[in-house]
Amino acid sequence: GELRLPDPPPPVPATIPVEEVGRGARTAIEPGAGPPPAIALDLRVEAAQRLFVRGRGLDSEWAGRVRARGTLAEPDLVGRIELRRGFLDLLGSRFTLREGVIEFDGARPPLPRLEVLGEARKADITARVGLRGRLPKFELALESEPPLPKEEVLSRVLFGREMARITPLQGALLANSIATLQGGGIDALSPVRGALGLDTLDVGGDADGAAALRAGK
């Protein structure tokens, strides 16, 4: 199975001027469709592996169990899935996922709660990024060990140096990256991975800085 994290909507919807032509003309009104049939659910889903959660830079595999009751129109989902492995690409850096839980608590519509923690070693600190909250909206927190302000953590993640040593252009990039933490990215590899029938498709680099490709089932 595969769950997708939807991209956030645009901040301001576009306003399109409309001129109505033929106002007052009679038009036939088509009858609306009737209500869908009430199909009852009583399903138990168990997955020991190959349950993927992807989107907004997240690529991960999970396992767990979920019980579905209610009706097809208003499902009642209760259960929990836990992280097996994965990573989060954020601000040009890769964070290896260390912890992760997704809980379905019977909310209607069935929007689960997400809690994920990833780590990356950058410029003598361990940077930690956390995703917490109810989908599709969640909070993104950036911390470090030893503890540093968010701007300082970002500077070391992005440029590998302290804020006092970055250039004015890097300072502008840093400000833009702070805004990026509240938005989302585009997963460009998803269409390719789906077309090839793969479970994993990743483009990155090795320890020496050379390009690397990883693909598999």
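Model, not experiment: these values are computed from the prediction.
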Colleague: Identify the heavy atoms of Phe104 and Pro112 that sit nearest to each other, and give their distance.
Modeller: CE2-CB, 3.6 Å
Colleague: I'd like to know if Phe52 and Leu83 are part of one continuous hydrophobic network [Ile/Leu/Val/Met/Phe/Trp/Tyr, side-chain heavy atoms within less than 4.5 Å].
Modeller: no
Colleague: Which pair of non-hydrogen atoms, one from Ser60 and one from Leu97, has the smallest distance, and what is that distance?
Modeller: CB-CD1, 3.8 Å
Colleague: Could you give the distance from CD (Glu74) to CZ (Arg108), rounded to the nearest 0.5 Å?
Modeller: 5.5 Å
Colleague: Where is the tightest heavy-atom contact between Pro110 and Leu77, given as atom of each residue plus distance?
Modeller: CB-CD1, 3.6 Å
Colleague: Which pair of non-hydrogen atoms, one from Val66 and one from Arg80, has the smallest distance, and what is that distance?
Modeller: CG2-N, 4.4 Å
Colleague: Testing the basics here: between Leu198 and Gly216, what is the closest heavy-atom pair and its distance to 0.1 Å?
Modeller: CB-O, 3.8 Å
Colleague: If you group Ile, Leu, Val, Met, Phe, Trp and Tyr by side-chain heavy-atom gaps below 4.5 Å, do Leu140 and Val157 land in one group?
Modeller: yes
Colleague: Looking only at non-hydrogen atoms, find the nearest pair between Asp105 and Val78 and report the distance.
Modeller: C-CG2, 4.4 Å
Colleague: Are Glu115 and Arg113 ion-paired here, with the side-chain N under 4.0 Å from a carboxylate O?
Modeller: no
Colleague: Is it possible for you to say whether Leu3 and Trp62 belong to one hydrophobic cluster, with membership spreading through side-chain heavy-atom contacts below 4.5 Å?
Modeller: yes
Colleague: Any chain of hydrophobic side-chain contacts (each under 4.5 Å) joining Leu117 to Leu88?
Modeller: no
Colleague: Find out whether Glu162 and Arg156 are in side-chain contact, i.e. whether some heavy atom of one side chain is under 4.5 Å from a heavy atom of the other.
Modeller: yes
Colleague: Quick one: CG on Leu148 to CD on Glu143, what's the gap to the nearest 0.5 Å?
Modeller: 11.5 Å
Colleague: Tell me whether Lys217 contacts the main-chain N or O of Gly197 through its side chain, where contact means a donor paired with an acceptor under 3.5 Å.
Modeller: yes
Colleague: Could you list the donor-acceptor pairs under 3.5 angstrom formed between side-chain atoms of residues 37-51 and any protein atom two or more places apart in sequence or on another chain?
Modeller:
| from | atom 1 | to | atom 2 | distance (Å) |
| --- | --- | --- | --- | --- |
| Asp42 | OD1 | Arg67 | NE | 3.1 |
| Asp42 | OD1 | Arg67 | NH2 | 2.8 |
| Arg50 | NH1 | Asp199 | OD2 | 2.3 |

Colleague: If the condition is salt bridge (Lys or Arg N to Asp or Glu O under 4.0 Å), which residues does Glu119 pass it with, not counting sequence neighbours?
Modeller: Arg98, Arg128
Colleague: Grouping I, L, V, M, F, W and Y whenever their side-chain heavy atoms are under 4.5 Å apart, do Leu111 and Leu58 come out in a common cluster?
Modeller: no
Colleague: Is the number of heavy atoms from other residues, nucleotides or ligands within 6.0 Å of CZ (Arg65) greater than 12?
Modeller: no
